[in-house]
Amino acid sequence: MIVGVPKEIKTEEYRVAITPSGVHSLVEHGHRVVIESGAGLGSGITDDMYRREGAEIVDTHEEVFQRADMILKVKEPLPPEYELLREGQVVFTYFHFAASRELTEAMLRRKIVAVAYETVEQADGSLPLLIPMSEVAGRMAPQEGAKYIERPQGGMGILLGGVPGVPPAKVLIIGGGTVGTNAAKIALGMGADVTIMDINPVRLRYLSEIFPSVKTMMSTPYNVRECVKQADMVILAVLIHGARAPKLITRDMLREMKEGAIIVDVAIDQGGSAETSRPTTHRDPVYTEEGVVHYCVANMPGAVPRTSTFALTNVTLPYALELADKGWQRAVQENPELARGVNMVHGHLTYKAVAEAFDLPYTPLEQVLRA
Ligand SMILES: NC(=O)c1ccc[n+]([C@@H]2O[C@H](COP(=O)([O-])OP(=O)(O)OC[C@H]3O[C@@H](n4cnc5c(N)ncnc54)[C@H](O)[C@@H]3O)[C@@H](O)[C@H]2O)c1
């Protein structure tokens, strides 16, 4: 199979869908890998590093799409890429279809086989291709928050760890899943006074076990309101699978917060958990509402591509290899995790939640496979 890897064209997206090690594995399995020149530079990977492992480097975006049987990407195709996609071409990337009717309809028209990273799902309901990016975003959250709570950046001007004789900053993390746990680890390492809230008592028990110095609390509207008043930094890290993020912090709660406190709303990619959150970019990451700084970057891992590219491809490569080795039909028949990743096939929407989100016809994958 010819596997194509284009350069990402989304603004400030520096990740790439394959590393030299991934090229090595695909070539060893008998596949050809066609990569657009410069695709890896944002992640510190040169064309020569790919070439040494057997990749063919091509000059244009178009050539990658023309030649590949399967495209590996990081972000969803953007409008200039729509016309480059061919019927039956397998595209393995983050799509997040439910967030865009335009993208969904465009991909249905192109009749591609869309395998979405975000819906590849293991038997226990975990999402293996989302976890590494949550780990990155979680670890970045206190780091970014610490920077933007500095006075010259508009924050109150407090050092997370304090110093002997001066207490540390109070960090409240709401949502103790992958993002929250990783945020806690870094905030603790920086010396902050950390509280984590969740609605799941089992999760709180686990967190209290692994982080004895962290305070845990049940997430209720009352507890949230009381704790945000005390917090210097609030990290919002909740997720309700398949739904928009719940609004846990209202504008009137902000008015009771400390002047110059910061909210890092990691859940902004699901709509955000503060009423006042709106997406920002790495170029212009913060704004202030009611005296509280908001950091709401929707693609946090994009800022650290030298970590994120490797973290992402570590987990995508085994699935990419399986798709390439077996062809998509056999791969999804033999691996239910991959089957759950299939969102559309030849113009049929095979992922129920996306069909429901836009009131479009749904065709079960098994029906498409039988036809
Ligand atoms: N901005 C970015 O760049 C970026 C990157 C990665 C992930 N994310 C987002 O971060 C969020 C968290 O992701 P995750 O991987 O940690 O999810 P997760 O499923 O591992 O954890 C979510 C946690 O939220 C808890 N929760 C649900 N409702 C709650 C409530 N009302 N109060 C407190 N806790 C509640 C759940 O019990 C769970 O423990 C998601 O919205 C995800 O899309 C954003």
Side-chain angles (χ1 to χ4, degrees), residues 10 12-15 74-75 94-96 98-99 116-122 124-145 172-186 195-208 210 216-228 234-250 253 263-275 277-282 285-286 294-305 307-308 311-312 315:
K10 195 160 185 154
E12 289 180 52
E13 180 53 71
Y14 303 107
R15 288 173 292 176
V74 177
K75 297 305 285 185
Y94 285 123
F95 281 102
H96 292 289
Y117 289 166
E118 70 276 7
T119 67
V120 170
E121 189 181 328
Q122 290 172 330
D124 64 357
S126 61
L127 305 170
L129 306 190
L130 278 183
I131 289 172
M133 294 303 100
S134 286
E135 289 169 340
V136 172
R139 287 176 186 220
M140 280 179 76
Q143 179 177 316
E144 296 299 294
L172 171 65
I173 300 171
I174 308 184
T178 308
V179 167
T181 306
N182 280 276
K185 191 177 176 105
I186 298 302
T195 302
I196 311 185
M197 286 186 176
D198 203 291
I199 47 171
N200 178 353
V202 176
R203 193 71 199 166
L204 291 177
R205 211 164 281 131
Y206 165 77
L207 290 164
S208 133
I210 61 166
T216 55
M217 271 182 102
M218 193 51 101
S219 173
T220 63
Y222 177 87
N223 283 347
V224 169
R225 179 177 284 276
E226 289 307 305
C227 283
V228 296
V234 179
I235 296 175
L236 296 174
V238 305
L239 178 66
I240 300 172
H241 282 228
R244 279 178 76 78
K247 297 288 179 213
L248 303 176
I249 298 191
T250 57
M253 286 184 190
I263 292 179
V264 179
D265 196 344
V266 186
I268 190 67
D269 62 338
Q270 303 293 332
S273 284
E275 190 186 337
S277 293
R278 53 182 150 83
T280 58
T281 62
H282 287 296
V286 293
H294 291 55
Y295 174 100
C296 302
V297 176
N299 65 331
M300 294 173 69
V304 290
T307 303
S308 305
L312 177 63
V315 291

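These numbers come from a predicted model, not from an experiment. We're numbering straight along the sequence, starting at 1. We count ligands from 1, going down the list as the structure has it; atoms in each ligand are counted the same way. Side chains are part of it too, since the values below use all heavy atoms of this structure and drop only hydrogens, waters and symmetry mates.
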Report summary line: A137 heavy atoms within 4.0 Å reach ligand 1 at atoms 4 (C), 5 (C), 6 (C)

Report task. Return the residue, atom name and 0.1 Å-rounded distance of the protein heavy atom closest to atom 11 (C) of ligand 1. Result -> V238 O, 3.4 Å

Requested in this report: Pull out every atom of ligand 1 sitting under 4.0 Å from any heavy atom of A267, numbered as shown with elements.
Outcome: 41 (O)

Query raised in the report: What protein heavy atom is closest to atom 12 (C) of ligand 1, reported as residue, atom name and distance in Å?
Result: A237 O, 3.5 Å

Report summary line: Under 4.0 Å between heavy atoms, the region of V136 that gets near ligand 1 turns out to be neither

Query raised in the report: Nearest 0.5 Å, what's the OG1-CD1 distance between T220 and I199?
Result: 11.5 Å

Query raised in the report: Would you say V297 and ligand 1 have an N/O pair spaced under 3.5 Å apart?
Result: yes

Query raised in the report: Where the side chain of H282 meets the backbone of N299, is there a donor-acceptor pair that is under 3.5 Å apart?
Result: yes

Requested in this report: Give a yes/no on ligand 1: does I131 have at least one heavy atom closer than 4.0 angstrom to it?
Outcome: no

Query raised in the report: Which residue and non-hydrogen atom of the protein lie closest to atom 20 (O) of ligand 1, and at what distance in Å?
Result: T178 N, 3.0 Å

Report summary line: min-distance protein heavy atom vs atom 32 (N) of ligand 1 -> S219 OG, 2.7 Å

Query raised in the report: Quick one: which of V266, I199, D269 has a heavy atom closest to atom 1 (N) of ligand 1?
Result: V266

Query raised in the report: So between N200, T181, V179, whose heavy atom ends up nearest atom 13 (O) of ligand 1?
Result: V179

**Report entry** Separation between CD1 of I235 and CD of E144, rounded to the nearest 0.5 Å
**Finding:** 10.5 Å

Query raised in the report: Do you know which of I263, T195, L236 makes side-chain contact (heavy atoms from CB on, under 4.5 Å) with I174?
Result: L236

Query raised in the report: So which protein heavy atom does atom 3 (O) of ligand 1 come closest to, and at what separation?
Result: M300 N, 2.8 Å

Report summary line: The atoms of ligand 1 lying under 4.0 Å from a heavy atom of N299, numbered in the order shown, are 3 (O)

Report task. Name the closest protein heavy atom to atom 19 (O) of ligand 1, giving the residue it belongs to and the distance to 0.1 Å. Result -> L239 CD2, 3.6 Å

Query raised in the report: Counting only N and O atoms by type, is there a donor-acceptor contact under 3.5 Å from the side chain of T178 to the main-chain atoms of E135?
Result: no

Query raised in the report: Hey, does the side chain of D198 reach the backbone of L204 with a donor-acceptor pair shorter than 3.5 angstrom?
Result: no

Query - K247 side chain to G271 backbone, donor-acceptor under 3.5 Å - result: yes

Report summary line: Rounded to the nearest 0.5 Å, the CG atom of L207 sits from the OG1 atom of T216 at a distance of 7.5 Å

Report task. Consider every N or O of L248 and every N or O of ligand 1, then say whether any pair is closer than 3.5 Å. Result -> no

Query raised in the report: If you count the non-hydrogen atoms of other residues, nucleotides and ligands that lie under 6.0 Å from NZ in K185, is the total more than 12?
Result: no

Query raised in the report: Does the N or O separation between I240 and ligand 1 drop below 3.5 Å for any pair?
Result: no

Query raised in the report: Under 3.5 Å, is there a donor-acceptor pair between the side chain of S308 and the main chain of P301?
Result: yes

Query - Shortest protein heavy-atom distance from atom 21 (O) of ligand 1, along with the residue and atom involved - result: G177 CA, 3.2 Å

Requested in this report: Return a yes/no value for S134: is any of its N or O atoms, backbone included, closer than 3.5 angstrom to an N or O of ligand 1?
Outcome: yes

Query raised in the report: For ligand 1, is there an N or O atom under 3.5 Å from any N or O atom of D198?
Result: yes

Report summary line: If we number the atoms of ligand 1 from 1 as shown, the ones under 4.0 Å from a heavy atom of A298 are 1 (N), 2 (C), 3 (O)

Requested in this report: State the atoms of ligand 1, each with its element, that fall below the 4.0 Å cut-off from a heavy-atom position in G175.
Outcome: 24 (O), 33 (C), 34 (N)

Query - Side-chain donor or acceptor of E118 paired with backbone N/O of L130 under 3.5 Å - result: no

**Report entry** Exam field: side chain N223 to backbone M218, donor-acceptor pair closer than 3.5 Å
**Finding:** yes

Query raised in the report: Taking the non-hydrogen atoms of P301, is any one of them nearer than 4.0 angstrom to ligand 1?
Result: yes

Query raised in the report: So, the side chain of Y94 versus the backbone of L129: is there a donor-acceptor pair under 3.5 Å, distance only?
Result: yes

